[in-house]
Amino acid sequence: MSGNGNGFTTCLWFDGNAEAAADYYLSVFKDGRLGRIGRYTEAGPGQADSVMVVEFEINGQKFIGLNGGPQFTFSEAISFQIHCADEAEADYYWSALTRDGGEEGVCGWVKDKFGVSWQVIPAGAIDLIADPDPGRASRATAAMMQMKKLDVAEMRRAADAG
């Protein structure tokens with residue numbers, strides 16, 4: 001997974017559990033792989049031989065997990081969108097990312113057990129809130145704003161209710 005200069009790699013700052021996070025994401029996202037693991041040396045700043053960085057890739061996106069310490073934490077200001085083929089796939093990711101300490105949010109957002117925010121988006125949801133008919137888009141958006149996990153059928157019913 002060494003870089004070739006193309007694209008971006010997202011660096012996620014963890015407090016000592018970057019390797020556990022990489023393992024977790026590889027268990028949730030089936031299209032993934034683990035890359036190199038770099039360790040701290042006597043030069044620091046972490047404890048010598050402890051994990052400093054771990055490379056991993058999920059769904060074609062490259063990540064580096066950095067064990068940087070407690071100074072910085074995740075917030076909803078950054079999230080990753082998971083565009084799902086159907087409701088079953090959305091249900092899978094919703095369940096997988098909220099288990100073991102994850103949290104449900106509103107409008108399709110979840111926070112996993114490490115505090116990373118994800119948007120679980122079933123097929124058709126974006127089409128409804130971006131409908132060229134402003135009334136349909138408004139009704140679909142209003143319905144979405146009342147949801148935790150997105151229900152495309154309910155959003156469509158709301159859009160069609162005009």
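Of the possible donor and acceptor atoms, one in the side chain of N67 sits under 3.5 Å from a partner among the backbone N and O of V51.
The distance from atom OG1 of T98 to atom NZ of K113, rounded to the nearest 0.5 Å, is 12.0 Å. With rounding to the nearest 0.5 Å, the separation of CD in E55 from CZ in R36 is 4.0 Å. Here the straight-line distance linking atom NZ of K62 with atom SG of C11 works out to 13.5 Å at 0.5 Å rounding. Rounding to the nearest 0.5 angstrom, the gap separating the NZ atom in K148 from the CD atom in E103 is 9.5 Å.
A ring-ring contact (aromatic ring centres under 6.0 Å, His included) check over residues 65-87, counting only residues at least two apart or in different chains, returns the pairs W13-F72, F14-F74, F63-F80, F80-W118. Screening residues 119-140 for salt bridge (Lys or Arg N to Asp or Glu O under 4.0 Å) gives D131-R136, R136-D160 as the qualifying pairs, with residues at least two apart or on separate chains. Among pairs with a residue in residues 142-162, none fulfils ring-ring contact (aromatic ring centres under 6.0 Å, His included), at least two apart in sequence or across chains. Annotation: ring-ring contact (aromatic ring centres under 6.0 Å, His included) contacts involving residues 121-162, sequence neighbours excluded, are absent. Applying the side-chain hydrogen bond (donor to acceptor under 3.5 Å, both in side chains) rule to pairs touching residues 14-26 yields Y25-D112, sequence neighbours excluded.
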For V53 and I37, run side chain to side chain contact (heavy atoms under 4.5 Å, CB included): C-alpha distance rounded to whole Å, both residues' side-chain angles, the deciding distance at 0.1 Å, then the answer.
CA-CA 6 Å; V53 294; I37 296 175; over 6 Å; no
Give the C-alpha distance, both sets of side-chain angles, the deciding distance and a yes or no for salt bridge (Lys or Arg N to Asp or Glu O under 4.0 Å) between E76 and K111.
CA-CA 8 Å; E76 291 81 356; K111 190 182 295 187; 2.7 Å; yes
Give the C-alpha distance, both sets of side-chain angles, the deciding distance and a yes or no for side chain to side chain contact (heavy atoms under 4.5 Å, CB included) between L66 and M52.
CA-CA 6 Å; L66 168 68; M52 177 176 61; 4.2 Å; yes
Quick one: do M145 and C107 satisfy side chain to side chain contact (heavy atoms under 4.5 Å, CB included)? Show the steps, please.
CA-CA 6 Å; M145 298 299 285; C107 300; 3.6 Å; yes
Determine whether C84 and I121 satisfy the following criterion, side chain to side chain contact (heavy atoms under 4.5 Å, CB included), listing intermediate values before the conclusion.
CA-CA 6 Å; C84 302; I121 305 172; over 6 Å; no
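Listed by chain and number, the residues in a side chain to side chain donor-acceptor pair (under 3.5 Å) with D91 are K149 (sequence neighbours excluded). Listed by chain and residue number, V28, Y92, R99 satisfy the side chain to side chain contact (heavy atoms under 4.5 Å, CB included) test with A96 (two or more places apart in sequence, or in another chain). By the salt bridge (Lys or Arg N to Asp or Glu O under 4.0 Å) test, E154 pairs with R157, sequence neighbours left out. Taking the side chain to side chain donor-acceptor pair (under 3.5 Å) definition, one finds that T10 meets it with Q61, sequence neighbours left out. Partners of A88 according to the side chain to side chain contact (heavy atoms under 4.5 Å, CB included) rule, which considers only residues two or more places apart in sequence or in another chain, are D86. Partners of W109 under the side chain to side chain donor-acceptor pair (under 3.5 Å) rule, at least two apart in sequence or in another chain, do not exist in this structure. Residues passing the side chain to side chain donor-acceptor pair (under 3.5 Å) test with T141: none are found, sequence neighbours excluded.
Salt-bridge annotation for R33 and E57: present, with a side-chain N of the basic residue lying under 4.0 Å from a carboxylate O of the acidic one.
A side-chain N or O of Q119 and one of S79 form a donor-acceptor pair less than 3.5 Å apart.
Residues F114 and Y93 fall within the same hydrophobic cluster, defined by Ile, Leu, Val, Met, Phe, Trp and Tyr side chains chained together at heavy-atom separations under 4.5 Å.
Dense packing is recorded around CD of Q71, with more than 12 heavy atoms of other residues, nucleotides or ligands lying under 6.0 Å away.
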